[in-house]
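Protein chains get the first letters and strands the later ones, always in sequence-line order, with residue 1 at the start of each. The analysis underlying the following values was restricted to heavy atoms, covering all of them including side chains, and did not include hydrogens, waters or symmetry mates.
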2 protein chains.
Amino acid sequence: MNDGDGGAVPAAPRKRADARRNERTLLDAAAAVFVTSGVEAPVRDIAARAGVGLATIYRHFPTRADLIIAVYRHQVEACAEAGPALLASGATPHAALGRWINLFVDFLVTKHGLAAVLQSDSAGFDTLHAYFLDRLVPVCAQLLDAAAVAGEIRSDIDAYELMRGVGNLCIGADSDPRYDARRLVELLIAGLRLPH
Amino acid sequence: MNDGDGGAVPAAPRKRADARRNERTLLDAAAAVFVTSGVEAPVRDIAARAGVGLATIYRHFPTRADLIIAVYRHQVEACAEAGPALLASGATPHAALGRWINLFVDFLVTKHGLAAVLQSDSAGFDTLHAYFLDRLVPVCAQLLDAAAVAGEIRSDIDAYELMRGVGNLCIGADSDPRYDARRLVELLIAGLRLPH
DNA sequence: TACGATAAGGAACGTTGTTCCGTTTGGCAA
DNA sequence: TTGCCAAACGGAACAACGTTCCTTATCGTA
């Protein structure tokens with residue numbers, strides 16, 4: 001829990017100015033390209049957009065997944081933090097759960113292809129997988145527990161499974177007007193309800 | 001609507017013996033490789049397994065999708081035909097729907113990666129998409145209608161959307177013991193129920 | 001200003017799906 | 001039986017991608 005130098009992390013020896021500038025540029029370029037071409041856009045496109053060499057991307061972000069994480073970190077954090085807030089907001093736990101899931105679905109659905117990549121088991125997206133799960137599953141578990149304790153939902157489903165299911169339902173939700181992930185997720189959450 | 005020779009389709013001029021033999025061999029090889037390496041196995045693996053050149057695959061199956069369709073056609077047909085049978089079997093329409101969906105889920109879940117490929121919007125899988133939808137959506141619609149008419153389920157969801165949702169839920173169901181697609185699909189179907 | 005560590009750039013590699021082309025062969029007619 | 005040629009074959013070749021490598025340029029400092 002401590003690196004042995006008595007303070008916080010050893011304060012990475014501070015990168016060079018051009019390096020910091022490029023990281024910034026890359027994040028912006030990636031975000032822009034993700035919006036127009038989706039999360040699976042070729043690395044070369046991002047490099048070109050940033051006016052930067054290929055290796056530069058990989059030096060800053062060891063794998064595509066790390067780049068994706070960096071681009072969306074803020075929003076994922078916000079989603080994670082919204083969980084306890086919703087729970088404390090006075091609504092019933094089941095209502096809080098529903099709203100939180102909606103937040104998550106809105107996030108996923110607006111990110112071209114992110115849901116698809118999120119479940120891809122092709123090694124290399126492991127860190128992406130891990131990040132999302134580590135950050136969001138505990139939040140979901142908390143909401144789920146609260147609702148179960150309140151006797152509002154069945155308790156034979158765990159947060160991991162639910163998150164994966166919701167993520168899966170979001171796949172391809174953009175780019176297909178006939179498919180509305182939100183409605184299906186609602187159905188799924190409705191299916192959780194215990195007949196009182 | 002007629003080719004002018006007065007009969008059914010012009011009876012494709014009958015392929016050469018080696019061609020027919022190879023098609024057979026390819027289907028077997030593909031089926032075997034799909035089982036061990038999943039539906040996304042490299043074309044080269046299938047060619048090698050069949051002891052055949054690469055072009056031979058593409059000559060018989062213009063695209064990967066066509067090969068996949070050919071391999072699973074029998075099972076898809078069986079599933080499609082099971083729909084009306086279940087409906088006529090005496091159970092309630094909702095029960096028939098549930099059982100039919102289970103059939104479909106069982107099929108998908110046991111085919112390494114098929115569910116994933118089924119929703120992939122990368123052009124080239126269009127024909128695969130089309131085949132599954134053309135064949136199964138009408139069957140699903142029939143079951144859905146029957147259940148709606150019987151007043152067992154809400155009627156604000158259409159067959160296409162449901163099939164896509166179920167397909168999505170099946171993604172990654174193999175290769176992850178913590179994820180049980182069947183349970184989630186059950187939840188989804190349960191969510192369809194109308195409070196009576 | 002000169003030097004060395006840090007970072008950049010793009011060519012190069014490995015893996016895929018797909019196409020092309022020179023070669024082989026099955027089936028039929030003489 | 002023999003000879004022909006369209007049909008079919010095999011694998012090299014191409015294009016797109018992620019990733020790595022090696023050479024060159026640059027930043028920060030003494």
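For the pair B:Leu54 CG and C:dT23 P, the computed distance is 19 Å after rounding to whole Å. Protein atom NE2 of A:His60 is 16 Å distant from nucleotide atom P of D:dT19, rounded to whole Å. If you measure from atom CZ of A:Arg59 to atom P of C:dA5, you get 17 Å, rounded to the nearest angstrom. Between the C1' atom of C:dA7 and the CD1 atom of A:Ile57 lies a distance of 15 Å, rounded to the nearest Å.
Side-chain atoms of B:Arg164 and A:Arg178, non-hydrogen and from C-beta on, never get closer than 4.5 Å to each other. Between A:Tyr72 and A:Val39 the shortest side-chain heavy-atom distance falls below 4.5 Å. Looking at A:Tyr179 and A:Leu169, their side chains come closer than 4.5 Å, going by heavy atoms from C-beta outward. You'll find the side chain of B:Cys140 stays beyond 4.5 Å of the side chain of B:Tyr160, heavy atoms only. Looking only at side-chain heavy atoms (C-beta outward), A:Leu162 and A:Leu188 come within less than 4.5 Å of each other. Between B:His94 and B:Ile189, some side-chain heavy-atom pair lies under the 4.5 Å cut-off.
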Below 3.5 Å is the cut-off: list the nitrogen or oxygen pairs between protein and nucleotides 24-28 of chain C, distance only.
from	atom 1	to	atom 2	distance (Å)
C:dT25	O2	B:Arg16	NH1	3.3
C:dG27	OP1	B:Ala17	N	2.9

Atom pairs under 3.5 Å, N or O on each side, protein against nucleotides 15-17 of chain C: can you list them with distances?
from	atom 1	to	atom 2	distance (Å)
C:dG17	OP1	B:Arg64	NH1	3.0
C:dG17	OP2	B:Val43	N	2.9
C:dG17	N7	B:Arg44	NH1	2.8
C:dG17	O6	B:Arg44	NH2	2.8

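Relative ring orientation between B:Phe132 and B:Phe107 is described as parallel, the plane-to-plane angle staying below 30° on a 0-90° scale split at 30° and 60°.
Looking at A:His129, its side chain does come within 3.5 Å of a backbone N or O of A:Leu118 through a donor-acceptor pair.
A heavy-atom distance below 4.0 Å to DNA chain C is reached by none of the residues of residues 22-37 of chain B.
As judged by a 4.0 angstrom heavy-atom cut-off over every strand, B:Ala55 is placed among the base-contacting residues.
By the neighbour-count criterion of 12 heavy atoms within 6.0 Å, atom CZ of B:Arg183 is densely surrounded, having more than that number from other residues, nucleotides or ligands. Heavy atoms of other residues, nucleotides or ligands lying less than 6.0 angstrom from CZ of B:Arg135 number more than 12.
For the side-chain hydrogen bond (donor to acceptor under 3.5 Å, both in side chains) with B:Asp18, the qualifying choice from B:Lys15, B:Arg21, B:Arg16 is B:Arg16, the only one to do so.
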